[in-house]
Structures are given as C-alpha cells and as structure tokens.
K.L.:
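Take a look at this one; I'll ask things after.
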Amino acid sequence: MEAVLLEDKPKNLFESEFYASTVFADRNLIAPHYTPNELPFREKQIEEIAKNLSLCIHNKRPDNFFLYGKTGTGKTSVTKNVISQLSEFVSQKNIQVRAEYINCRNHNSKYRVLIKLVKELYPTENFLGYSAAFVYEKVLDYAKKGNNLILVLDELDKVKDLDELIYGLTRGNDELQGKGGITLIGISNNLNFKERLDPRTKSSLCEQEMVFPPYNAEELRKILFTRAETAFKKNAVEESAINLAAAFAAQESGDARTAVMLLLRAGEISDKNKSFKVTDKEVIKAKQTVEEEIIFDMISTLPRQQQLVLLAISDLSLSNKGIKKLNGLHEEHVLFSGEVYEQYRVKAKSLQENIISSRWYRQYISELEMYGLIHTTSSGKGIKGQTRLIKLGYDAKKIKELIEKEVGG
DNA sequence: CCTCCACAGGAAGCGCAGGAGT
DNA sequence: ACTCCTGCGCTTCCTGTGGAGG
C-alpha cells in the first residue's frame with residue numbers, strides 16, 4: 001500500500017497545527033492502546049489460536065482457550081488481531097460466526113458481561129432492567145440460529161462471580177447440541193488466578209492454554225523499530241535511543257507497553273523542545289516521567305490508610321532512623337516492620353485518622369511489595385526475632401511528595 | 001536444649017454497602 | 001419497598017518460625 005504524503009493533500013488550518021510535530025509522522029500509531037497489524041515474536045501464538053478458531057468456519061466448535069502472561073506481553077493485541085481477521089474473513093464468505101471482545105475490568109460481573117454481550121448482539125433492543133436469566137436466554141437464542149459465537153473475555157480475573165458465568169456459558173453448548181456454539185477465550189495476567197478457580201470451571205475454560213512469556217531486550221528492540229518506522233518521521237529517532245528504551249523496559253519487566261510508552265513520551269519531549277531528533281537524553285527523561293506516572297497511578301488508587309503506611313516508610317527513610325548496622329558490619333538503609341507500624345500510628349493519630357490493626361498493616365505491606373513500591377526481606381542473623389526488613393522501591397522524597405499531594409498534608 | 005521475642009500469615013467472623021430477587 | 005445475599009475491608013485469635021539469650 002502506497003503511503004500518502006501529507007504534503008499532497010490540501011491543508012486544513014487545524015490539520016497542519018495538529019500534525020505540526022517535529023518528530024512524529026503519526027502519533028496514533030504509537031499510542032498505548034493502538035493494536036498494531038504486525039506482532040513480531042508472537043507468530044506461533046497467532047497461528048495456534050487461528051488454527052483452533054478456524055474450526056468454526058467449518059461449523060465446528062473450537063476449544064475454549066485460556067491465555068495468560070504478564071502485562072504488555074501481547075495477549076490482548078494477539079487476540080484482537082486474530083478475531084478481527086476472522087471477522088473480516090467470515091463477513092466476506094457470509095459464514096455465521098460472530099466474535100465479541102469484552103474487557104471485564106469495565107464489566108466485572110456475570111450480569112454486566114451478559115448485558116454487554118446482548119447489547120452487541122441485538123444493537124436495536126434495550127435490555128436494561130431484565131433479569132440475568134432472560135438475558136442469558138437471549139444469548140442462547142442467538143447461538144441457536146446457527147451462529148458460532150466467539151467471546152473474548154479480557155482481564156477475566158476481575159469478574160466476581162466468574163464460576164457462574166463460565167458454567168452458564170459452557171453449559172449453553174450442551175443445550176445447543178451442535179446448532180451453533182459458544183467459544184470462550186479468557187485472558188488474564190494473574191498467573192495464580194487459574195488455581196483459585198472451581199475445578200469444573202477450570203476444566204471447561206482451560207481446554208487449551210497458552211503462556212505469553214515476557215519479551216527480552218532484543219525482541220523489544222525489534223518491536224520498537226517496527227513501531228517507530230511508521231509512527232515517527234524518517235531518521236527522527238536515533239538507533240541508540242531505541243536500544244536504550246528497549247533495555248530499560250526489559251530490565252523492568254519485558255513489558256512492550258512500557259517500552260512503547262517510553263518512546264512515545266521521549267517523542268513528546270522532543271516535540272515540546274522543537275527538536276527534530278529523539279536521542280538517549282529524551283529517553284532518559286521519559287523514563288523518569290513514565291516512572292512517576294506509574295507510581296502516581298498506583299499511589300492515588302491506594303486506600304488512604306495504605307497511603308499513610310507508605311508515607312510512614314518514606315518519612316523514616318528520610319530520617320537517619322533508617323540506617324541500621326546489620327551484622328555489626330556494614331550500615332544499610334532498612335526499616336523494621338515494627339517501627340514502621342509505630343510511625344504509621346503516630347502519623348494517623350496526628351491526622352485524626354483511625355488506626356488499622358497490625359494484622360491488616362502486614363497485609364498492606366505485602367500488597368505494597370506486590371506493587372513494587374517497597375522491597376522486603378526476612379530478617380537474618382544479628383536481629384532478634386522474626387521480622388521483615390523494609391526498603392522503599394523508589395525515591396523517598398518523590399514518594400513523600402506524591403502522597404502528601406494525595407493525602408493533603 | 002528450652003524459652004522468649006517479634007514478628008509472619010492463616011482462619012474465622014463481623015458490620016456494612018450495594019445489588020438481585022420478590 | 002422490602003428482604004436476602006454476597007463481596008469487601010477489617011479485627012480477633014491463633015499457630016508457625018528463626019534467631020537470641022539463658
């Protein structure tokens with residue numbers, strides 16, 4: 001396909017302003033939620049899913065699929081890519097296959113998923129207020145007309161009554177008896193999630209499974225190159241800048257989304273400075289802002305009490321109380337679980353907040369570690385008793401600043 | 001070796017809010 | 001409008017654990 005140069009078109013006043021970028025050719029192509037056509041290093045997964053789904057074009061029911069892997073490993077992009085190609089194909093050939101994508105973060109119960117689904121299937125009708133059973137029947141009706149329904153449920157772990165939802169939808173296939181069918185593709189980035197499922201749900205949902213491994217630095221590098229080719233102007237991005245962004249992201253988590261995000265922010269920085277190049281300098285700056293965005297995102301969604309716990313940790317980290325002589329040898333900046341709890345109590349009291357129990361405080365500490373906001377190690381020699389040694393994952397000043405903005409001094 | 005310390009983290013249960021069924 | 005139910009945030013109670021100290 002021939003690329004149409006912007007210069008060839010008559011310009012609208014605003015369009016020229018809109019595209020007045022020093023480095024971007026098309027910023028949208030590198031936005032976080034853009035689904036690229038090419039997905040390097042996922043050919044195997046695409047092929048496998050497509051092969052399974054292709055059964056439905058011969059009017060057979062494909063296996064249910066369960067995809068899991070960390071965020072930014074391409075689960076959603078791969079699935080969307082496959083189902084959009086499938087939809088395109090079946091509409092050309094007039095085959096009765098319908099694929100729907102639902103993100104369960106926004107539709108987090110059985111009822112909400114079903115409502116969302118029937119709204120897509122019967123766009124002209126209104127189902128608000130109808131019972132779950134009625135809506136469920138509507139879905140089955142749709143399949144009974146001989147339609148093969150493929151339902152992608154992204155962020156599946158967010159559904160409260162998941163067992164019921166899966167049971168209902170898979171049991172539907174027994175009632176249909178070969179006339180049409182319902183195929184589920186579940187996506188989750190929670191690796192332990194599968195183990196918590198009801199055994200029956202597990203066996204019906206996980207007829208086939210697929211793991212999406214994180215990308216390594218080399219793969220991220222190639223991904224960024226292909227994305228940069230279309231999103232940026234020619235030669236606007238220095239090769240070393242891409243390498244650096246890939247290295248940063250690989251070191252963090254092998255997450256393609258952060259890698260792309262880094263490059264996007266770096267480009268924006270160049271744009272703002274009216275610079276025609278994206279270099280290492282911009283990527284390094286972008287890393288800081290992306291990091292801050294992530295931290296702030298996490299902190300602002302934390303419960304107030306947990307914010308106070310984190311604030312207590314950053315307070316102590318900034319004071320010299322945090323410096324410990326471990327093993328009587330070297331000094332290190334770590335905190336005891338007990339003293340953090342004490343500091344938290346003082347803090348909460350002075351802000352006239354109620355105080356959570358020590359048990360729940362420990363729960364909060366575990367969560368903070370999962371989010372990567374703090375690191376903990378178990379106490380070893382030189383310390384009496386069994387305690388957790390706590391260390392901040394990011395800069396104490398920055399975190400303190402962000403929380404105080406949130407909590408309101 | 002036993003006991004104590006200073007916690008970790010599992011289990012059970014409680015009050016509440018909000019949603020579904022009647 | 002009303003009950004019933006369920007998930008959520010949290011407390012209470014409890015058992016487990018590794019090192020320090022006698």
Side-chain angles (χ1 to χ4, degrees), chain A residues 104-119 126-139 153 155-169 188 190 192-193 195-198 201 298-313 316 321-322 324-330 332 334-349 351-371 373-391 406-407:
Chain A
C104 302
R105 185 202 294 256
N106 311 320
H107 307 277
N108 58 359
S109 72
K110 172 189 167 190
Y111 186 70
R112 285 181 190 157
V113 168
L114 288 175
I115 281 285
K116 168 77 180 160
L117 182 57
V118 288
K119 261 189 197 157
N126 187 7
F127 294 98
L128 270 179
Y130 286 83
S131 75
F134 180 84
V135 176
Y136 172 70
E137 281 303 319
K138 270 291 189 187
V139 173
L153 297 170
E155 302 197 52
L156 191 64
D157 43 315
K158 296 286 186 296
V159 179
K160 320 265 184 222
D161 44 3
L162 184 66
D163 288 325
E164 282 178 52
L165 176 66
I166 303 296
Y167 179 70
L169 288 172
S188 169
N190 188 338
N192 305 321
F193 161 72
E195 306 310 318
R196 294 207 315 265
L197 287 172
D198 185 288
T201 309
M298 282 192 290
I299 289 179
S300 57
T301 56
L302 254 34
R304 202 178 164 77
Q305 299 297 326
Q306 197 165 16
Q307 291 174 350
L308 291 179
V309 171
L310 195 56
L311 183 57
I313 296 171
L316 288 177
K321 264 194 177 174
K324 295 276 159 28
K325 298 162 286 294
L326 296 181
N327 301 328
L329 288 169
H330 61 294
E332 226 188 306
V334 289
L335 303 165
F336 294 156
S337 177
E339 62 183 348
V340 170
Y341 184 58
E342 270 313 303
Q343 174 70 14
Y344 153 75
R345 291 181 61 146
V346 172
K347 203 84 204 172
K349 212 171 206 173
L351 290 166
Q352 300 184 347
E353 297 276 345
N354 49 342
I355 293 165
I356 51 158
S357 68
S358 61
R359 178 65 190 91
W360 198 245
Y361 153 78
R362 267 172 251 138
Q363 186 67 32
Y364 274 167
I365 290 291
S366 305
E367 281 172 25
L368 288 175
E369 178 166 37
M370 285 197 328
Y371 301 146
L373 287 165
I374 60 171
H375 302 299
T376 73
T377 40
S378 214
S379 64
K381 282 181 184 172
I383 296 154
K384 59 179 172 180
Q386 168 87 347
T387 184
R388 262 165 122 168
L389 304 176
I390 300 167
K391 238 165 127 177
E406 232 358 79
V407 177

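Any value given below was found using the heavy atoms of this structure, including those in side chains, with hydrogens, waters and symmetry copies removed. So that the names make sense, note that chain A is the first sequence line, chain B the second, and so on, each numbered from 1.
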K.L.:
Is any side-chain heavy atom of A/Leu169 less than 4.5 Å from a side-chain heavy atom of A/Leu114?
P.N.:
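A side-chain contact exists here, since the closest heavy-atom pair is under 4.5 Å.
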
K.L.:
Contact between A/Leu308 and A/Leu351 at the side-chain level, heavy atoms closer than 4.5 Å - yes or no?
P.N.:
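Yes. Closest side-chain heavy atoms under 4.5 Å.
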
K.L.:
Give me the bend of the helix from B/dC1-C/dG22 to B/dT22-C/dA1, using the axes of the five pairs at each end, rounded to 10°.
P.N.:
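The angle, to the nearest 10 degrees, is 10°.
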
K.L.:
For A/Arg388 and B/dA6, what is the distance between atoms CZ and C1' respectively, to the nearest whole Å?
P.N.:
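Those two atoms, CZ and C1', are 14 Å apart.
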
K.L.:
Considering residues, nucleotides and ligands other than A/Lys138, do more than 12 of their heavy atoms fall under 6.0 Å from its NZ?
P.N.:
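Yes.
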
K.L.:
Any side-chain heavy-atom pair from A/Thr376 and A/Leu368 closer than 4.5 angstrom?
P.N.:
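A side-chain contact is absent here, since even the closest heavy-atom pair is not under 4.5 Å.
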
K.L.:
Does A/Ser378 place a side-chain N or O at less than 4.0 Å from the phosphate oxygens OP1/OP2 of B/dA8?
P.N.:
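So the side chain of A/Ser378 is outside the cut-off, no N or O lying under 4.0 Å from OP1 or OP2 of B/dA8.
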
K.L.:
Round to a whole Å and report the spacing from CD1 of A/Ile355 to P of C/dC10.
P.N.:
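The distance from CD1 of A/Ile355 to P of C/dC10 comes to 14 Å, rounded to the nearest Å.
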
K.L.:
May I have the distance from A/Glu353 (atom CD) to C/dG9 (atom P), rounded to whole angstrom?
P.N.:
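Result: 17 Å.
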
K.L.:
Send over the distance from A/Leu165 CG to C/dG7 C1', rounded to a whole Å.
P.N.:
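Taking CG of A/Leu165 and C1' of C/dG7, I get 17 Å after rounding.
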
K.L.:
Reckon A/Tyr364 has a side-chain N or O less than 4.0 Å from the OP1 or OP2 of C/dC10?
P.N.:
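A/Tyr364 to C/dC10 OP1/OP2: side-chain N or O found under 4.0 Å.
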
K.L.:
Can you tell if the side chain of A/Leu311 reaches within under 4.5 Å of the side chain of A/Lys347, non-hydrogen atoms only?
P.N.:
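Yes - at least one pair of side-chain heavy atoms lies under 4.5 Å apart.
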
K.L.:
Measure CG/A/Leu389 against P/C/dG18 and give the value in whole Å, please.
P.N.:
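After rounding, the gap between these two atoms is 15 Å.
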
K.L.:
Rounded off to whole Å, could you give me the CD-to-P distance for the A/Gln386 and B/dA8 pair?
P.N.:
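The distance from CD of A/Gln386 to P of B/dA8 comes to 8 Å, rounded to the nearest Å.
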
K.L.:
Looking at the side chain of A/Arg359, which of C/dT12, C/dC10, C/dG18 is the nearest nucleotide?
P.N.:
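Of the options given, the side chain of A/Arg359 lies nearest C/dT12.
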
K.L.:
Would you kindly give the CG-to-P distance between A/Leu335 and B/dC7, to the nearest whole Å?
P.N.:
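About 12 Å, once rounded to whole Å.
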
K.L.:
Can we say A/Arg304 and A/Glu406 salt-bridge, meaning some charged N sits less than 4.0 Å from an Asp/Glu carboxylate O?
P.N.:
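A salt bridge is absent here (no side-chain N lies under 4.0 Å from a carboxylate O).
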
K.L.:
Hey, does A/Ile365 reach any base, or is it just sugar-phosphate, or nothing, if we go heavy atoms under 4.0 Å?
P.N.:
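Result for A/Ile365 = nothing.
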
K.L.:
Side chain of A/Trp360 only, heavy atoms from C-beta on: which candidate in B/dG9, C/dT12, C/dG9 is closest?
P.N.:
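Output: C/dG9.
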
K.L.:
How long is the line joining CZ of A/Phe336 and P of B/dC5, in whole Å?
P.N.:
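Between P of B/dC5 and CZ of A/Phe336: 17 Å.
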
K.L.:
Aromatic rings A/Tyr344 and A/Tyr361: how do their planes relate, parallel, tilted or perpendicular, breaks at 30° and 60°?
P.N.:
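Parallel.
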
K.L.:
Scan A/Ser357 against the nucleic acid and name what it touches under 4.0 Å (heavy atoms): base, sugar-phosphate only, or nothing.
P.N.:
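Contact class for A/Ser357: base.
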
